[in-house]
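First the structure, in the form of C-alpha coordinates, and then the observations on it.
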Amino acid sequence: MEKDDSINVLGEPLVICGTDPVTGFFRDGYCNTCAADQGSHTVCAVMTAEFLAFSKYLGNDLSTPRPEYGFVGLNPGDTWCLCASRFLQAHAEGCAPQVSLEATHKRALEIVPLDVLQVHSLPE
(Lines give C-alpha, C1' and ligand atoms only; values in the text may rest on other atoms or scores of the structure.)
Protein backbone atom coordinates (compact mmCIF):
# COMPACT_ATOMS: atom_id res chain seq x y z
CA MET A 1 0.00 0.00 0.00
CA GLU A 2 1.38 3.32 -1.05
CA LYS A 3 0.42 6.31 1.11
CA ASP A 4 -1.14 9.37 -0.48
CA ASP A 5 0.85 12.57 -0.04
CA SER A 6 0.79 13.65 3.62
CA ILE A 7 -0.97 16.97 3.11
CA ASN A 8 -3.61 18.42 5.45
CA VAL A 9 -6.85 20.25 4.62
CA LEU A 10 -4.98 23.56 4.76
CA GLY A 11 -2.58 22.47 2.01
CA GLU A 12 0.35 22.12 4.43
CA PRO A 13 2.32 19.08 5.64
CA LEU A 14 0.20 16.79 7.80
CA VAL A 15 1.05 16.88 11.51
CA ILE A 16 0.73 13.99 13.93
CA CYS A 17 -2.73 13.24 15.31
CA GLY A 18 -2.01 10.92 18.21
CA THR A 19 0.27 8.27 19.63
CA ASP A 20 -1.42 7.38 22.93
CA PRO A 21 -3.12 5.31 21.69
CA VAL A 22 -1.48 5.17 18.28
CA THR A 23 -3.97 6.13 15.61
CA GLY A 24 -4.13 6.21 11.82
CA PHE A 25 -4.90 3.74 9.07
CA PHE A 26 -1.19 2.88 9.01
CA ARG A 27 -0.94 3.03 12.85
CA ASP A 28 1.77 5.65 12.55
CA GLY A 29 0.04 8.42 14.53
CA TYR A 30 -0.95 10.33 11.39
CA CYS A 31 -4.25 10.43 9.48
CA ASN A 32 -2.46 9.22 6.36
CA THR A 33 -4.52 7.34 3.83
CA CYS A 34 -4.31 5.36 0.60
CA ALA A 35 -6.59 3.70 -1.93
CA ALA A 36 -7.06 0.70 0.39
CA ASP A 37 -8.45 2.92 3.18
CA GLN A 38 -12.10 2.42 2.28
CA GLY A 39 -13.26 4.14 5.48
CA SER A 40 -11.21 7.28 4.80
CA HIS A 41 -9.71 7.45 8.32
CA THR A 42 -8.68 11.04 7.68
CA VAL A 43 -10.29 13.33 10.29
CA CYS A 44 -8.17 13.95 13.41
CA ALA A 45 -10.70 14.38 16.22
CA VAL A 46 -10.58 14.80 19.98
CA MET A 47 -12.89 12.22 21.50
CA THR A 48 -15.76 13.28 23.74
CA ALA A 49 -18.02 11.11 25.88
CA GLU A 50 -20.95 12.19 23.71
CA PHE A 51 -19.25 11.20 20.45
CA LEU A 52 -18.03 7.87 21.86
CA ALA A 53 -21.58 7.04 22.99
CA PHE A 54 -22.94 8.06 19.57
CA SER A 55 -20.41 5.90 17.74
CA LYS A 56 -21.12 2.94 20.04
CA TYR A 57 -24.88 3.36 19.45
CA LEU A 58 -24.21 3.14 15.71
CA GLY A 59 -22.28 -0.10 16.15
CA ASN A 60 -18.69 1.18 16.13
CA ASP A 61 -17.59 0.83 19.75
CA LEU A 62 -14.40 2.85 20.11
CA SER A 63 -14.41 2.88 23.92
CA THR A 64 -14.21 -0.82 24.78
CA PRO A 65 -10.70 -2.33 24.85
CA ARG A 66 -10.11 -5.12 22.31
CA PRO A 67 -6.79 -6.67 23.42
CA GLU A 68 -6.99 -9.29 20.67
CA TYR A 69 -6.46 -6.42 18.21
CA GLY A 70 -4.05 -4.44 20.39
CA PHE A 71 -6.75 -1.80 20.92
CA VAL A 72 -6.91 -0.23 24.39
CA GLY A 73 -10.20 1.61 23.83
CA LEU A 74 -10.62 5.37 23.59
CA ASN A 75 -11.46 7.83 26.33
CA PRO A 76 -12.62 11.44 26.21
CA GLY A 77 -9.64 13.62 25.35
CA ASP A 78 -7.90 10.99 23.20
CA THR A 79 -7.18 11.97 19.60
CA TRP A 80 -8.14 9.56 16.83
CA CYS A 81 -8.28 9.44 13.04
CA LEU A 82 -12.00 9.08 12.41
CA CYS A 83 -13.72 7.90 9.29
CA ALA A 84 -14.74 11.04 7.44
CA SER A 85 -18.29 9.78 6.88
CA ARG A 86 -18.76 9.02 10.61
CA PHE A 87 -17.57 12.54 11.45
CA LEU A 88 -20.03 14.03 8.93
CA GLN A 89 -22.81 11.89 10.40
CA ALA A 90 -21.94 13.12 13.91
CA HIS A 91 -21.99 16.70 12.62
CA ALA A 92 -25.49 16.18 11.21
CA GLU A 93 -26.61 14.78 14.58
CA GLY A 94 -25.06 17.65 16.54
CA CYS A 95 -22.40 15.62 18.36
CA ALA A 96 -19.28 16.04 16.23
CA PRO A 97 -16.06 16.32 18.23
CA GLN A 98 -13.48 19.05 17.72
CA VAL A 99 -10.88 18.44 15.03
CA SER A 100 -7.30 19.40 14.34
CA LEU A 101 -7.23 20.87 10.85
CA GLU A 102 -3.44 20.58 10.78
CA ALA A 103 -3.68 16.81 11.40
CA THR A 104 -6.71 16.14 9.15
CA HIS A 105 -5.75 14.70 5.77
CA LYS A 106 -6.83 16.57 2.62
CA ARG A 107 -8.70 13.48 1.40
CA ALA A 108 -11.27 14.15 4.14
CA LEU A 109 -12.46 16.99 1.89
CA GLU A 110 -13.81 14.40 -0.55
CA ILE A 111 -16.47 13.67 2.08
CA VAL A 112 -16.57 16.58 4.56
CA PRO A 113 -16.68 20.20 3.36
CA LEU A 114 -13.93 22.42 4.76
CA ASP A 115 -16.45 24.82 6.29
CA VAL A 116 -17.91 21.94 8.35
CA LEU A 117 -14.44 20.98 9.59
CA GLN A 118 -13.71 24.62 10.41
CA VAL A 119 -16.84 24.88 12.58
CA HIS A 120 -15.41 22.09 14.74
CA SER A 121 -11.76 23.08 14.64
CA LEU A 122 -9.72 23.31 17.80
CA PRO A 123 -8.98 26.86 18.95
CA GLU A 124 -5.54 28.07 17.92
Angle class for the His91/Phe87 ring planes (parallel below 30°, perpendicular above 60°, tilted otherwise)?
parallel

Between CG of Leu101 and NE2 of His120, what distance do you get to the nearest 0.5 Å?
11.0 Å

Any idea which heavy atoms bring Leu88 and Pro113 closest together, and the distance?
CD1-CD, 4.3 Å

Given the rule that I, L, V, M, F, W and Y join up when any side-chain heavy atoms are under 4.5 Å apart, are Leu114 and Ile111 in one cluster?
yes

Single-linkage hydrophobic cluster, 4.5 Å side-chain cutoff, Trp80 and Tyr57 together:
yes

Residue pair Leu117 / Leu109, side-chain heavy-atom distance below 4.5 Å
yes

Closest non-hydrogen atom pair, Leu62 against Ser55
CD1-OG, 3.8 Å

Rounded to the nearest 0.5 Å, how far does NE2 of His41 lie from SG of Cys34?
11.0 Å

Any Gln89 side-chain heavy atom under 4.5 Å of Leu58 side chain:
yes

Hey, are the side chains of Leu82 and Met47 touching, using non-hydrogen atoms and a 4.5 Å cut-off?
yes

Here the pair of heavy atoms bringing Val46 nearest to Thr79 is CG2-CG2, 3.9 Å

Would the distance check show the side chain of Thr23 and the main-chain N or O of Cys81 forming a donor-acceptor pair, the cut-off being under 3.5 Å?
yes

So, are Lys3 and Asp28 salt-bridged, with charged N and O less than 4.0 Å apart?
yes

Atom CD of Glu68 with >12 non-hydrogen neighbours under 6.0 angstrom
yes

Interatomic distance, Arg86 atom CZ to Phe54 atom CZ [nearest 0.5 angstrom]
6.5 Å

Sub-4.5 Å side-chain heavy-atom contact between Lys56 and Thr64
yes

Could you pull out the closest heavy-atom pair between Phe26 and Asn32, with the gap in Å?
CD1-CB, 3.9 Å

So if you build clusters from Ile, Leu, Val, Met, Phe, Trp, Tyr with side-chain heavy-atom gaps below 4.5 Å, do Leu10 and Val116 land together?
yes

One should read off an interatomic distance between Thr48 OG1 and Leu74 CG, to the nearest 0.5 angstrom, of 11.0 Å

Scanning both residues in full, the closest heavy-atom pair of Pro65 with Val72 reads CG-O, 3.2 Å

Would a hydrophobic clustering, with Ile, Leu, Val, Met, Phe, Trp and Tyr connected at side-chain separations under 4.5 Å, put Phe71 with Leu52?
yes

Rounded to the nearest 0.5 Å, how far apart are OG of Ser121 and CG of Asp115?
11.5 Å

Treating Thr104 as the side-chain partner and Cys44 as the backbone partner, does any N or O pair qualify as donor plus acceptor under 3.5 Å?
yes

May I ask you to check if the distance between the SG atoms of Cys17 and Cys31 is under 2.5 Å?
no

Does Val112 belong to the same Ile/Leu/Val/Met/Phe/Trp/Tyr cluster as Val99, with side-chain heavy atoms less than 4.5 Å apart forming each link?
yes

Just verifying a value: how many Å separate Ser63 OG and Asp78 CG, rounded to the nearest 0.5 Å?
10.5 Å

Side-chain donor or acceptor of Thr33 paired with backbone N/O of Ser40 under 3.5 Å:
no

Other residues, nucleotides and ligands only: do more than 12 of their heavy atoms fall within 6.0 Å of CG on Asp20?
no

Shortest non-hydrogen pair, Asn8 vs Pro13, comes out as ND2-O, 3.4 Å

